[in-house]
Amino acid sequence: MKWWVSMPKIELHAHLNGSIRDSTLLELARVLGEKGVIVFSDVEHVIMKNDRSLGEVFKLFDLIHILTTDHKTVTRITKEVVEDFASENVAYLELRTTPKKNDSIGMSKHSYMEAVVEGLRAVSAVDIDFGPHKFNTQDSLNSIAMNDACDGTKRKKIYVRLLLSIDRRETTEAAIETVKLALEMRDLGVVGIDLSGNPVVGEWKTFLPALKFAQKQGLYITLHCGEVPNCQEVQPMLDFLPQRIGHAIFFEEEEWRQLKTSKIPVEICLTSNIKTESISSIDIHHFVDLYNDKHPLVLCTDDAGVFSTSLSNEYKLASTAFGLGKREMFELARNGIECIFAGDEVKQDLVETFDSAAKKLN
Ligand code: 6MZ
């Protein structure tokens with residue numbers, strides 16, 4: 001197994017509906033095609049298309065939401081996405097999703113999220129800890145002992161925490177509803193709020209009341225920031241002091257200075273930035289500047305399904321493009337522990353996971 005696959009990794013920027021397997025999307029499209037809801041042949045090539053502009057990506061999400069937004073499917077994709085990340089040795093995953101309301105099928109934001117949590121409960125290929133459901137140490141020891149005895153492999157385990165996304169198309173009231181839901185679901189593994197959606201839509205001031213409320217209530221916050229040029233938004237977002245930001249592409253000099261002084265960790269999504277042409281070539285990606293400055297950053301997938309990537313692939317890409325070796329990439333992954341939205345106990349366990357993997361690194 002290649003080192004970028006076998007090493008433990010931390011994924012902090014993954015949108016649920018962007019991380020679905022192509023095979024699942026095609027299967028769902030076929031079923032809706034048979035029911036006459038969509039025309040399968042029209043949809044098939046949209047799903048399989050490889051390079052998309054940022055605008056096309058958001059059109060694709062509208063299509064994906066038609067395919068996935070019923071409770072059973074939400075549960076299925078959640079289970080599959082978690083198992084896919086675990087299969088490439090992601091030890092800790094923060095999965096984000098926009099709670100959706102769809103009166104025609106009796107879906108509320110709350111029932112959507114219950115379906116997501118049901119998906120976490122359904123994970124069977126690996127041991128999962130998502131807050132209420134923790135690894136049972138004794139069970140884990142038993143399964144490790146049994147597996148070791150059988151074929152020398154340990155059963156994998158993954159931590160999963162949830163972030164609720166506010167979509168930039170939403171109103172202030174809808175955004176506040178999402179924050180209230182996050183607070184209600186704290187016991188079910190929800191740890192924070194994300195602001196995402198088409199960056200050319202909506203205004204910062206619409207979401208600020210909800211985000212301030214979330215901040216006051218002690219939820220962690222991450223913002224998509226500077227994904228497109230928007231000089232009115234970047235600075236107020238940095239002033240807000242979120243715990244992390246995603247992308248950070250279109251920053252002016254003063255904004256870079258502010259980011260670096262504030263030490264707000266950045267979620268870096270290389271393939272997403274290149275495929276959407278937000279960055280024209282990987283050699284000029286801001287990863288290099290932030291990395292050289294030792295700014296906290298974490299490699300992430302954004303939408304592993306939509307951009308046909310994986311977290312392992314992002315590590316391989318960074319290693320090749322920026323000339324970083326296995327050990328440097330391992331350290332980069334390990335430094336991600338400091339950026340997670342979970343407590344010291346989880347961090348300590350992840351440190352141990354990395355320590356034990358480090359011994360096998362040669
Ligand atoms: C901004 C993005 C995104 O929430 O339905 N999303 N928002 N920038 C991006 N970069 C490409 N990729 C995904 O997952 C899909 C939703 O996540 C947001 C969009 O709002 C998209 O509709 P969920 O699970």
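We count ligands from 1, going down the list as the structure has it; atoms in each ligand are counted the same way.
Polar contact with ligand 1: present for Thr97 (N/O pair, distance under 3.5 Å). Looking at Gly197 next to ligand 1, an N or O pair under 3.5 Å apart turns up. The N/O atoms of Asn198, backbone and side chain alike, include none that comes under 3.5 Å of an N/O atom in ligand 1. For ligand 1, the polar-atom distance check finds no N/O of Ser196 at less than 3.5 Å from any of the ligand's N/O atoms.
Of all protein heavy atoms, the one lying nearest to atom 22 (O) of ligand 1 is His65 CE1, 3.2 Å. Ranking protein heavy atoms by distance to atom 10 (N) of ligand 1, first place goes to Glu227 OE2, 2.8 Å. Summary of contacts: the protein heavy atom closest to atom 4 (O) of ligand 1 is Thr98 OG1, 2.5 Å. Among all non-hydrogen protein atoms, the one lying nearest atom 17 (O) of ligand 1 is His15 ND1, 3.0 Å. The nearest protein atom to atom 11 (C) of ligand 1, hydrogens excluded, is given as Asp302 OD2, 3.4 Å; this is a heavy-atom distance.
Cation-pi check for Arg244 over Phe341 is met; the charged atom lies under 6.0 angstrom from the ring centroid and within 45 degrees of its normal.
For residues 212-231, there are no salt bridge (Lys or Arg N to Asp or Glu O under 4.0 Å) pairs, not counting sequence neighbours.
Checked against the 6.0 Å centroid criterion, the rings of Phe240 and Trp204 qualify as a close aromatic pair.
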